[in-house]
Amino acid sequence: MSGLDEGCSDPAHTHDELSEPPLRGLKLASHAVLEKVQQRGRSKCAKCGGSRMFFCYTCCLLVDVSLQEIPVVKLPVKIDIIKHPNETDGKSTAVHAKILAPSDVTIYTYPCIPDYDQDEVVLVFPGPGAVTVQDMVQRLHERTDSRSSGPRLKRRKLENVPAHAHATEDPGSGAPDETKSSESRAHPVQKVVFIDSTWNQTNKISTDERLQDLLQVELRTRKTCFWRSQKGKPDTYLATIEAIYYFLKDFHEQCLAQEYSGEYDNLLFFYSYLHTVVNKSKEAGKKEAERREKQRQTEARL
């Protein structure tokens, strides 16, 4: 998913040239650095020595690109990615998220799964019991309140406490971090879990007992534009980086109640570039096949 296919060339110069509507209008950093790297070709990863382009999908490190040349995205919640051990590293887009949002994304390889607080963590995965992002916060509150009336009484009690009594100190400024405190009261979601696997392999992870108590969230209206389509699966089954991006976009608008202005678009920095490169390669291959067929037919008539 993250490795550049052999034979791909002639990258697009701007994201405006993307052929698929889902990736139009993104506010992306310049792809000029990726174009230059592609022209130079692959380089060795400084850690594992593997031949890579742009980044090493095994070590989650940039290759032939400096940190100053790529965008860094700050996320409103922490992201955990549970990766299937048989998932091919070079086909996974999970590494995109780790490289572009390093302080907010952690990748675990199954069966390694952290202990999660079901009141603060949700699992993005489709299923019969899954809810929309819009309904997610309300459902978390309902689940908490159904177990005990304590949390509800506690929240009511906190409302009567002066703001300075439960504001946290910001070590950087020495002033109360009122914004963070306000956001935590507005929504309980502190971490979001995604599964990184082919869809045929997800069942083993999604049914793991350590994830069973987490509220499942489904992105029902989004469609994938991933170039590695999975036979027999609906187009609402997203690549990992697509799922992370669309969840955060919905979360920003529906949970933070803020107008979305491209805050997380650069999570698709690598994905959008590779999408263009792969599609151009496919189009070139199609035209070459048509040319050869016409040539064959011409020779057959002679």
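- Among residue pairs with one or both ends in residues 52-66, those qualifying as salt bridge (charged side-chain N to carboxylate O under 4.0 Å, His left out) are Arg40-Asp64; sequence neighbours excluded.
- Taking Gln134 as the reference, nothing meets the side chain to side chain donor-acceptor pair (under 3.5 Å) condition, with sequence neighbours excluded.
- His84 pairs by the ring-ring contact (aromatic ring centres under 6.0 Å, His included) definition with nothing, not counting sequence neighbours.
- Judged purely by atom type and a 3.5 angstrom limit, Thr88 has no side-chain atom pairing as donor or acceptor with the backbone of Gly90.
- Aromatic ring centroids of His96 and Phe269 lie 6.0 Å or more apart.
- Side-chain atoms of Asp135 and Thr132 include a donor-acceptor pair closer than 3.5 Å.
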What verdict does the side chain to side chain contact (heavy atoms under 4.5 Å, CB included) test give for Phe54 and Val63, after you've listed the backbone C-alpha separation in whole Å, the side-chain angles of each residue and the deciding distance to 0.1 Å?
CA-CA 5 Å; Phe54 309 138; Val63 175; over 6 Å; no

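- The two residues Leu219 and Ala243 make their nearest non-hydrogen contact at CD1-O, 3.4 Å.
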Could you tabulate the donor-acceptor pairs under 3.5 Å formed by side-chain atoms of residues 116-128, not counting sequence neighbours?
| from | atom 1 | to | atom 2 | distance (Å) |
| --- | --- | --- | --- | --- |
| Tyr116 | OH | Asp80 | OD2 | 2.7 |
| Asp117 | OD1 | Asp119 | N | 2.9 |
| Gln118 | OE1 | Arg143 | NH2 | 3.4 |
| Asp119 | OD1 | Thr144 | OG1 | 3.2 |
| Asp119 | OD1 | Arg147 | NH2 | 2.2 |
| Asp119 | OD2 | Arg147 | NH2 | 3.1 |

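- No side-chain heavy atom of Val189 sits less than 4.5 Å from a side-chain heavy atom of Cys255.
- Taking the side chain as every heavy atom from C-beta outward, His141 and Pro188 approach each other to under 4.5 Å.
- Side-chain contact, Tyr273 with Glu35: no donor N or O sits under 3.5 Å from an acceptor N or O.
- Ring geometry, Tyr260 versus Tyr264: the interplanar angle falls from 30° to 60°, so the pair is classed tilted.
- Ser197 and Glu87 are not linked by any side-chain donor-acceptor pair at a separation below 3.5 angstrom, with hydrogens and angles left out of the test.
- Qualifying ring-ring contact (aromatic ring centres under 6.0 Å, His included) partners for Tyr108, counting only residues two or more places apart in sequence or in other chains: none.
- By the salt bridge (Lys or Arg N to Asp or Glu O under 4.0 Å) test, Lys78 is found to be paired with Asp104, residues two or more places apart in sequence or in another chain being considered.
- Leu75 has its side chain within reach of Val73: a pair of non-hydrogen atoms, C-beta onward, lies under 4.5 Å apart.
- With contacts defined as side-chain heavy-atom distances shorter than 4.5 Å, the pair Ser43/Ser51 does not qualify.
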